[in-house]
Asker: 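Following this message is one structure expressed as structure tokens.
The model shown is predicted, which means the values in this text are computed figures rather than measured ones.
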Amino acid sequence: ASRQMARRNEQFQALYQIVIEVSETLSMKYVVQTAATQARRLVGADMVALRLVRGELLVLLGSAQEAEGDAADDSEIELGTGVVGRVAKRGKINRIDAGAEALLGRGEGILEASSGLVVPLIVGARVVGTMECWSRTPGLFGEDDEQILEMMASQVATAIVAADTHEATDHQAHHDALTSLPNRRQLTRQIGERFGRALADGKQVAFAMVDIDHFKRFNDEFGHKVGDITLQRVAEGLRSTLRADDFVYRYGGEEFTIVIESADADEVLARLERVRAAVARMPLTGENLEPVGPVTVSIGFASGPQYGTDCEELIKLADAALYQAKWAGRDQVCDYTRSVLTDRSVEGAAA
């Protein structure tokens, strides 16, 4: 009885600390990692996972486990299916004392799981997610564990919703609504957090400005709705053609910005040529499915640290190279290092 009371006191002290920690941050990653790690320590589970309700699905937020092989499966779980899905659907705790593995649905639990404790994360009257604990030890979880995790879950649920709302708002503020690309504000943020530092450290960073050729005339001839579709399709083309570690932003209007790290000018040129060619091949139709186009882009780029370590200055140089590409006939890529810019070339480049 004394040992049980001591453990109970330790759990309450740990719970108090957890609540303070998760309540003082709007970082989803920190909330999830702290909650999963501390919940596993509180009840001695082999693995603890947190999931969030998205529509009719539960998506994995993160997990904590002793063995790397016990990491939670990131498969989406339908509400109402499997042990975890039913808890999310019904909003009631489910404790399994033995034979858990035979009851698990796809993506749930751990290999050879014997006991489990799944707690709904509830805010108001709404289930927003689940906290699931699994162990290979039969009967590991008792009523005390249910109570402590239920108290923890209410605080964690509130923290997760707050973090999710904050991240959604932040995403909206830093992404373009039409194309879903990061916007100019996000570019400015990453210049300060990443690209500027890389250039200061002597690393290669190239900035490219991309402009849809004759977009105003295109917009006037086919209408703004087709113009919007064109912007979306070009954005998709940029995303799909570039590598996963390249960055693309909607700079404004019909202009996009691409940032490529750790590549020399020849490699940057090759990547941007692939982008240009991919857009030129892109089929596009109007509101009545009539062929529209062709759509082409002009691209100018400038590489650092060869031509500077100031990101804004490199963007200006890339913009100058873009004007040179337009003046030279459009539908081409122009490297600032190979450009000879004159007042005439800038003046002669139509938007």
Asker: For the atom pair CD (Gln324) and CD (Gln332), what is the distance rounded to the nearest 0.5 Å?
Answerer: 8.0 Å
Asker: Do side-chain atoms of Glu108 reach the backbone of Val84 as a donor and acceptor pair under 3.5 angstrom?
Answerer: yes
Asker: Decide side-chain contact (heavy atoms from CB on, under 4.5 Å) for Trp134 and Leu104; before the verdict, give the C-alpha distance in whole Å, the side-chain angles of both, and the deciding distance to 0.1 Å.
Answerer: CA-CA 11 Å; Trp134 303 102; Leu104 298 176; 3.3 Å; yes
Asker: Which heavy atom in Thr241 sits nearest to a heavy atom in Gly237, and how many Å separate them?
Answerer: OG1-O, 2.7 Å
Asker: I'd like to know if Arg40 pairs up with Asp70 as an ion pair, taking the criterion as any Lys NZ or Arg NE/NH1/NH2 lying under 4.0 Å from an Asp or Glu carboxylate oxygen.
Answerer: no
Asker: Give a yes or no answer on whether the side chain of Gln232 reaches the backbone of Leu178 with a donor-acceptor pair at less than 3.5 Å.
Answerer: yes
Asker: Are Asp73 and Leu60 close enough that some pair of their side-chain heavy atoms sits under 4.5 Å apart?
Answerer: no
Asker: Do Asp213 and Ser298 pair up side chain to side chain, a donor and an acceptor below 3.5 Å, judged on atom types alone?
Answerer: yes
Asker: Report the distance from atom CG of Leu238 to atom CZ of Arg233, rounding to the nearest 0.5 Å.
Answerer: 12.0 Å
Asker: State whether the side chain of Glu101 and the backbone N or O of Glu112 hold a donor-acceptor pair below 3.5 Å, judged by distance alone.
Answerer: yes
Asker: Are there over 12 heavy-atom neighbours, none belonging to Arg274, within less than 6.0 Å of that residue's CZ?
Answerer: yes
Asker: Kindly work out whether a path of hydrophobic side-chain contacts (I/L/V/M/F/W/Y, heavy atoms less than 4.5 Å apart) joins Leu26 to Ile160.
Answerer: no
Asker: Heavy-atom distance under 4.5 Å between the side chains of Phe141 and Ile96, does that happen here?
Answerer: no
Asker: Verify side-chain hydrogen bond (donor to acceptor under 3.5 Å, both in side chains) between Tyr30 and Glu21, making sure each step is shown before the conclusion.
Answerer: CA-CA 9 Å; Tyr30 183 81; Glu21 288 189 40; 2.9 Å; yes
Asker: Can Arg271 and Glu267 be counted as an ion pair, charged N to O under 4.0 angstrom?
Answerer: yes
Asker: Using side-chain heavy atoms (C-beta onward) and a distance below 4.5 Å, is Phe247 in contact with Leu187?
Answerer: no
Asker: Looking at Pro182 and Gln186, what are the two nearest heavy atoms and their distance?
Answerer: CB-CG, 3.7 Å
Asker: Answer yes or no: is there a side-chain heavy-atom contact under 4.5 Å between Val128 and Asp164?
Answerer: no
Asker: Looking only at atom types and distance, does a side-chain atom of Thr309 sit under 3.5 Å from a main-chain N or O of Pro305, one as donor and one as acceptor?
Answerer: no
Asker: Is Arg189 atom CZ crowded by more than 12 heavy atoms from other residues, nucleotides or ligands, each under 6.0 Å away?
Answerer: yes
Asker: Tell me whether Val53 is reachable from Val31 by hopping between hydrophobic residues (I, L, V, M, F, W, Y) whose side-chain heavy atoms are closer than 4.5 Å.
Answerer: no
Asker: Return the minimal non-hydrogen interatomic distance between Val127 and Gly91, and the atom names on each side.
Answerer: CG2-CA, 3.7 Å
Asker: So Ser180 and Arg239, do their side chains get closer than 4.5 Å, heavy atoms only?
Answerer: yes
Asker: Short question: side chain of Asp145, backbone of Gly142 - any donor-acceptor pair under 3.5 Å?
Answerer: yes
Asker: Start with the C-alpha distance between Lys326 and His214, add both sets of side-chain angles, then the distance that settles side-chain contact (heavy atoms from CB on, under 4.5 Å), and finish with yes or no.
Answerer: CA-CA 10 Å; Lys326 283 184 168 293; His214 299 299; over 6 Å; no
Asker: Treating Ile, Leu, Val, Met, Phe, Trp and Tyr as nodes and any side-chain heavy-atom pair under 4.5 angstrom as an edge, say whether Val59 and Val119 lie in one connected cluster.
Answerer: yes
Asker: Could you grab the distance from atom OG1 of Thr188 to atom OH of Tyr249, nearest 0.5 Å is fine?
Answerer: 9.5 Å
Asker: Report yes if some heavy atom in the side chain of Ile258 is under 4.5 Å from a heavy atom in the side chain of Ile299; otherwise report no.
Answerer: no
Asker: So, taking the atom named OG in Ser75 and the one named CG in Leu58, what distance separates them when rounded to the nearest 0.5 Å?
Answerer: 12.0 Å
Asker: Is there a path of hydrophobic side-chain contacts, each under 4.5 Å between heavy atoms, that joins Leu50 and Ile122?
Answerer: no
Asker: Does Leu140 offer a backbone N or O that forms a donor-acceptor pair with the side chain of Thr137 under 3.5 Å?
Answerer: no
Asker: Would you say that Leu322 contacts Asp319 through its side chain, given a criterion of any heavy-atom pair below 4.5 Å between the two side chains?
Answerer: yes
Asker: After noting the C-alpha distance and the side-chain angles of Glu273 and Arg276, does the key distance pass the salt bridge (Lys or Arg N to Asp or Glu O under 4.0 Å) rule?
Answerer: CA-CA 5 Å; Glu273 276 290 351; Arg276 183 204 58 77; 3.0 Å; yes
Asker: Grab the two heavy atoms, one from Ala100 and one from Ser115, that are nearest each other, plus how far apart they are.
Answerer: CB-N, 4.0 Å
Asker: Is there a side-chain contact between Ile212 and Leu231 (heavy atoms, below 4.5 Å)?
Answerer: yes
Asker: Do Val43 and Ile93 belong to the same hydrophobic cluster, where Ile, Leu, Val, Met, Phe, Trp and Tyr are linked whenever their side-chain heavy atoms lie under 4.5 Å apart, directly or via other members?
Answerer: yes
Asker: Is a donor from one side chain sitting under 3.5 angstrom from an acceptor on the other, for Gln33 and Thr37?
Answerer: yes
Asker: Restricting to non-hydrogen atoms, name the atom on Ser63 and the atom on Met47 that form the minimum distance, rounded to 0.1 Å.
Answerer: CB-SD, 4.2 Å
Asker: Looking at Glu261 and Lys203, is any side-chain nitrogen of the basic one under 4.0 Å from a carboxylate oxygen of the acidic one?
Answerer: no
Asker: Show, in sequence, the C-alpha distance, side-chain angles and deciding distance for Leu117 and Arg95, and conclude whether the side-chain contact (heavy atoms from CB on, under 4.5 Å) test is met.
Answerer: CA-CA 4 Å; Leu117 181 57; Arg95 192 179 86 207; 3.8 Å; yes
Asker: Under 3.5 Å, is there a donor on one side chain and an acceptor on the other for Tyr307 and Glu313?
Answerer: no
Asker: Would you give the length of the straight line joining atom CE of Met209 to atom OH of Tyr336, rounded to the nearest 0.5 angstrom?
Answerer: 15.5 Å
Asker: Enter the distance from Leu199:CG to Leu314:CG here, rounded to the nearest 0.5 Å.
Answerer: 6.0 Å
Asker: Do Arg250 side-chain atoms and Gly253 backbone N/O form a donor-acceptor pair below 3.5 Å?
Answerer: yes
Asker: Considering non-hydrogen atoms only, spot the tightest contact between Arg51 and Gly107 and give its length.
Answerer: NH2-O, 3.1 Å
Asker: For Glu167, is the CD atom crowded, meaning more than 12 foreign heavy atoms sit under 6.0 Å from it?
Answerer: yes
Asker: I would like to know whether Arg54 and Glu76 meet side-chain contact (heavy atoms from CB on, under 4.5 Å); could you show each step before the answer?
Answerer: CA-CA 10 Å; Arg54 292 287 194 205; Glu76 296 176 336; over 6 Å; no
Asker: Surrounding CD of Glu78 (heavy atoms of other residues, nucleotides or ligands, distance under 6.0 Å), is the total greater than 12?
Answerer: no
